[in-house]
Trainee: 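I am attaching a structure below and will ask some questions about it afterwards.
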Amino acid sequence: MASSSSDKVVETVIAGNYVEMESEGGKGKDIKTKLSTLLWHGGSVYDAWFSCASNQVAQVLLTLPYSFSQLGMASGIAFQLLYGLLGSWTAYLISILYVEYRTRKEREKVNFRNHVIQWFEVLDGLLGKHWRNVGLAFNCTFLLFGSVIQLIACASNIYYINDNLDKRTWTYIFGACCATTVFIPSFHNYRIWSFLGLVMTTYTAWYLTVASLLHGQVEGVKHSGPTKLVLYFTGATNILYTFGGHAVTVEIMHAMWKPQKFKSIYLVATIYVLTLTLPSAAAVYWAFGDMLLNHSNAFALLPRSPFRDMAVILMLIHQFITFGFACTPLYFVWEKAIGMHECKSLCKRALVRLPVVIPIWFLAIIFPFFGPINSTVGSLLVSFTVYIIPALAHIFTFKSSSARQNAVEQPPKFMGRWVGTYVINVFVVIWVLVVGFGFGGWASMVNFIHQIDTFGLFTKCYQCPPPPLPHQLNATAAATAAAPSPHHHSLPPLQHHGGH
């Protein structure tokens, strides 16, 4: 009886965050309330699925063909399937640990009505402060760079519609636009956004697939990947990064009315995402082959058309949403650090959140290397945040036999109960440590440093085509004007230097 009543407590308290704040002034206005519920308050299983699926693949969709050119077709497909499975497994572990932590706390009569539970608090409650500190450091750094990558992607994409401004200027503009995410209180309020986000990525993925197939293979197309170990492991870690989108898993779960149902959601979301990433990456690689090695953004190779412009605009809006997804947990951490998390005033909290956006803006201007930065973040941060720490945390939380017996969720029989779970966790830790962090870290750092050497920090326009010759040069003969042109334009990066 006690257990069923504690389950009821879990379900009633779960309504979660900001309920009081949002319900004020909404009573008595039926249509307004219904509309607000439809667009704004999301806590169902479907909301969580939309959030996971739309958050998992955003700008990465555009860099996966680049990864395929580094890996070759067979390895590209194999790595997507492998990391999709590993990502779903660790999301399942995070959900188990969350429910364990929450149930333990609610037995101690802790109320989470005005508080968003975060991953580092789960680690703190289950394993102590050292685990919390490590988890917090990795998670915050990953989310910080995740937000940076969204900003870089915005500038990289808009350039293909309007190249009157260079990419750095576009980064300034989009940094200001993305700062408006400070006004969105929590993941409950992403209902309409995550649904739209999924529609946008679905359109873009199928646009890439169909446009590449209609375009056909370019003349003399070569598919020489994999050629170098550095490129091979850089490509593999970009895919590791793709399926490591669940650093915000706990916050999405907390926004659900019934977090216990989260377990299978991530797997279903991943399966759907694979139907987008596999055809699009394979089709673009089939059409353009090795040309992709110098073009980390797939939009760069496809001919301009209204469909491409539409895809670019939709991806821009989606990157704005994903920026919010990556930044919202950072806002929560910052609010908790300065004691403003329980504050009811939306405007005060928005003001307090602004300092979080400024370093993101700055980093996007220093490192505008769209593509290589994904692999670097993947190997150094995602490997620990999303794969190694959850697997180790699960092993240590249920180390003692009493912890295993009293676990809220027992591992399923088809996974081999506790022994099977332990074996899978050990495999995840060793594989990601060696292949993801070890080889991947080495390869992506070599590639990243190569980008800095080629283009320099604060580069104005990364991987842009060189500007045309100035008209003033036509005073001299055409032959003499053509000869010095590469030297004359040595400052702006030439296209063929990029992405090796």
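These values consider heavy atoms only, across backbone and side chains, with no hydrogens, waters or symmetry-generated copies.
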Trainee: Would I94 and Y266 satisfy side chain to side chain contact (heavy atoms under 4.5 Å, CB included), going step by step from the backbone distance to the final call?
Mentor: CA-CA 11 Å; I94 291 170; Y266 203 87; over 6 Å; no
Trainee: In terms of heavy-atom contacts, does CZ of F195 have more than 12 from other residues, nucleotides or ligands at under 6.0 Å?
Mentor: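 Not buried by this count: 12 neighbours or fewer within 6.0 Å.
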Trainee: Taking the side chain as every heavy atom from C-beta outward, state whether R349 and Y331 have any pair of such atoms under 4.5 Å apart.
Mentor: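 No - every pair of side-chain heavy atoms lies 4.5 Å or more apart.
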Trainee: Check whether any side-chain heavy atom of M73 lies under 4.5 Å from a side-chain heavy atom of F68, and answer yes or no.
Mentor: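 SC-SC contact between M73 and F68 confirmed.
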Trainee: Grab the two heavy atoms, one from G175 and one from W361, that are nearest each other, plus how far apart they are.
Mentor: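 Here G175 and W361 meet closest at CA-NE1, 3.5 Å.
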Trainee: If you count every heavy atom of other residues, nucleotides or ligands that lies below 6.0 Å from W334 atom CH2, does the total exceed 12?
Mentor: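 Not buried by this count: 12 neighbours or fewer within 6.0 Å.
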Trainee: Ignoring hydrogens, what is the shortest heavy-atom contact between V182 and R353? Give both atom names and the distance.
Mentor: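 Scanning both residues, the minimum pair turns out to be O-NH1, 2.9 Å.
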Trainee: Would you say Y272 has more than 12 foreign heavy atoms packed within less than 6.0 Å of its OH?
Mentor: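 Above 12, so yes.
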Trainee: Is any side-chain heavy atom of W131 closer than 4.5 Å to a side-chain heavy atom of L392?
Mentor: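 A side-chain contact exists here, since the closest heavy-atom pair is under 4.5 Å.
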Trainee: Can you tell me if Q410 uses its side chain to pair, donor with acceptor, with the backbone of R404 under 3.5 Å?
Mentor: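 Yes, because the side chain of Q410 sits within donor-acceptor range (under 3.5 Å) of the backbone of R404.
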Trainee: Quick one: which of F367, W442, F145 gives a ring pair (Phe, Tyr, Trp, His ring centres under 6.0 Å) with F448?
Mentor: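 Considering F367, W442, F145, a ring pair (Phe, Tyr, Trp, His ring centres under 6.0 Å) with F448 is found only for F367.
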Trainee: For a quick test of reading the model, state the closest non-hydrogen atom pair linking S75 to Y232 and the distance between them.
Mentor: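 So the two residues come closest at OG-OH, 2.9 Å.
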Trainee: Would a 4.5 Å heavy-atom cut-off, applied to side chains only, mark V60 and L64 as touching?
Mentor: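 Side-chain contact under 4.5 Å: yes.
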Trainee: Using a 3.5 Å distance criterion without hydrogens, assess whether the side chain of T90 forms a donor-acceptor pair with backbone atoms of V386.
Mentor: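 Yes: the side chain of T90 pairs with the backbone of V386.
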Trainee: How about T397 and Y101: does a side-chain donor come under 3.5 Å of a side-chain acceptor?
Mentor: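 Distance-only check fails for T397 and Y101.
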Trainee: To the closest 0.5 Å, what do you measure between OG (S401) and CH2 (W418)?
Mentor: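 S401 OG to W418 CH2: 11.0 Å, rounded to 0.5 Å.
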Trainee: Distance only, no hydrogens: is a donor on one side chain within 3.5 Å (strictly under) of an acceptor on the other, for N425 and W89?
Mentor: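 Side chains of N425 and W89: pair found under 3.5 Å.
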Trainee: Does the side chain to side chain contact (heavy atoms under 4.5 Å, CB included) test come out yes or no for I117 and M253, once each step is laid out?
Mentor: CA-CA 9 Å; I117 298 175; M253 240 160 85; over 6 Å; no
Trainee: Is V116 close to T328 at the side-chain level, that is, under 4.5 Å between some pair of heavy atoms?
Mentor: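 Contact flag for T328/V116 side chains = no.
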Trainee: Any ion pair linking R104 and E100 (charged N to carboxylate O, less than 4.0 Å)?
Mentor: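 Judged by the 4.0 Å cut-off on N to carboxylate O distance, E100 and R104 do form a salt bridge.
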Trainee: Take I360 and C327 through the side chain to side chain contact (heavy atoms under 4.5 Å, CB included) test and state the conclusion after the steps.
Mentor: CA-CA 9 Å; I360 293 169; C327 234; 3.5 Å; yes
Trainee: State the NE2-CZ distance between H254 and F262, to the nearest 0.5 angstrom.
Mentor: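 H254 NE2 to F262 CZ: 13.5 Å, rounded to 0.5 Å.
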Trainee: Please walk me through it: do F299 and T204 pass side chain to side chain contact (heavy atoms under 4.5 Å, CB included)?
Mentor: CA-CA 10 Å; F299 283 146; T204 306; 3.9 Å; yes
Trainee: Would you mind telling me which of N238, T277, T242 makes a side-chain hydrogen bond (donor to acceptor under 3.5 Å, both in side chains) with S67?
Mentor: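 Only one option passes, and that is N238.
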Trainee: Hey, does the side chain of R417 reach the backbone of P411 with a donor-acceptor pair shorter than 3.5 angstrom?
Mentor: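 Yes; judged by distance alone, with no hydrogens or angles, the pair exists.
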Trainee: Just wondering, do V352 and K348 contact through their side chains at under 4.5 Å, heavy atoms?
Mentor: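 Answer no - side chains too far apart.
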Trainee: Assess whether atom CZ of F362 is packed by more than 12 heavy atoms of other residues, nucleotides or ligands within 6.0 Å.
Mentor: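 No, CZ of F362 has 12 or fewer neighbouring heavy atoms, counting only those of other groups under 6.0 Å.
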Trainee: Can you tell me how far the CG atom of L151 sits from the CG atom of L363, to the nearest 0.5 Å?
Mentor: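 Here the rounded value is 10.0 Å.
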Trainee: Could you list the residues that satisfy side-chain hydrogen bond (donor to acceptor under 3.5 Å, both in side chains) with T171, not counting sequence neighbours?
Mentor: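 For T171, no residue satisfies side-chain hydrogen bond (donor to acceptor under 3.5 Å, both in side chains) once neighbours in sequence are set aside.
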Trainee: N157 pairs by side-chain contact (heavy atoms from CB on, under 4.5 Å) with which of I152, L62, L314?
Mentor: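 For N157, the side-chain contact (heavy atoms from CB on, under 4.5 Å) check succeeds only for L62.
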Trainee: What distance separates I317 CD1 from T322 OG1, expressed to the nearest 0.5 Å?
Mentor: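 Output value for this atom pair is 11.5 Å.
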Trainee: Any side-chain heavy-atom pair from V357 and C178 closer than 4.5 angstrom?
Mentor: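 SC-SC contact between V357 and C178 ruled out.
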Trainee: With rounding to the nearest 0.5 angstrom, report the CH2 to OG distance, W49 to S264.
Mentor: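 Going from CH2 on W49 over to OG on S264, the span is 12.5 Å.
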Trainee: Is a donor on one side and an acceptor on the other found under 3.5 Å between the side chain of S400 and the backbone of A403?
Mentor: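 Checked: pair present.
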Trainee: Is the closest side-chain heavy-atom distance between F398 and L97 below 4.5 Å?
Mentor: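 When only atoms from C-beta onward are counted, L97 and F398 do touch, with a gap below 4.5 Å.
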Trainee: List in chain and number order the residues that pass ring pair (Phe, Tyr, Trp, His ring centres under 6.0 Å) with F233, two or more places apart in sequence or in another chain; answer none if no residue qualifies.
Mentor: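 Scan of F233 (ring pair (Phe, Tyr, Trp, His ring centres under 6.0 Å), adjacent residues dropped) gives F439.
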Trainee: Before you tell me yes or no, could you show the steps for S379 and S444 under side-chain hydrogen bond (donor to acceptor under 3.5 Å, both in side chains), namely the whole-Å CA-CA distance, both residues' side-chain angles and the distance that decides it to 0.1 Å?
Mentor: CA-CA 7 Å; S379 59; S444 53; 2.9 Å; yes
Trainee: Can you spot which of V382, L86, L81, V273 makes a side-chain contact (heavy atoms from CB on, under 4.5 Å) with F243?
Mentor: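 Output: one option passes, namely V273.
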Trainee: Rounded at 0.5 Å granularity, tell me how far CG in L136 sits from CD in Q118.
Mentor: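 Here the rounded value is 8.5 Å.
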Trainee: Taking all atoms of both residues into account, what is the closest heavy-atom pair of C154 and F174, and its distance?
Mentor: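 Reported closest heavy-atom pair: CB-CG, 3.7 Å.
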Trainee: What is the minimum heavy-atom distance between I424 and M415, and which atoms define it?
Mentor: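 Scanning both residues, the minimum pair turns out to be CD1-CE, 3.5 Å.
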Trainee: Does any N or O in the side chain of N406 come within less than 3.5 Å of the main-chain N or O of S402, such that one atom is a donor and the other an acceptor?
Mentor: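 Looks like yes, one N/O pair under 3.5 Å.
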Trainee: Specify whether F437 and F384 have parallel, tilted or perpendicular ring planes, treating 30° as the upper limit for parallel and 60° as the lower limit for perpendicular.
Mentor: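 F437 and F384: perpendicular rings.
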Trainee: Classify the ring geometry between F79 and W431 as parallel (under 30°), tilted (30 to 60°) or perpendicular (over 60°).
Mentor: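 Ring orientation of F79 relative to W431: tilted.
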Trainee: Considering non-hydrogen atoms only, spot the tightest contact between H115 and E121 and give its length.
Mentor: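 Residues H115 and E121, closest heavy atoms: NE2-OE2, 2.8 Å.
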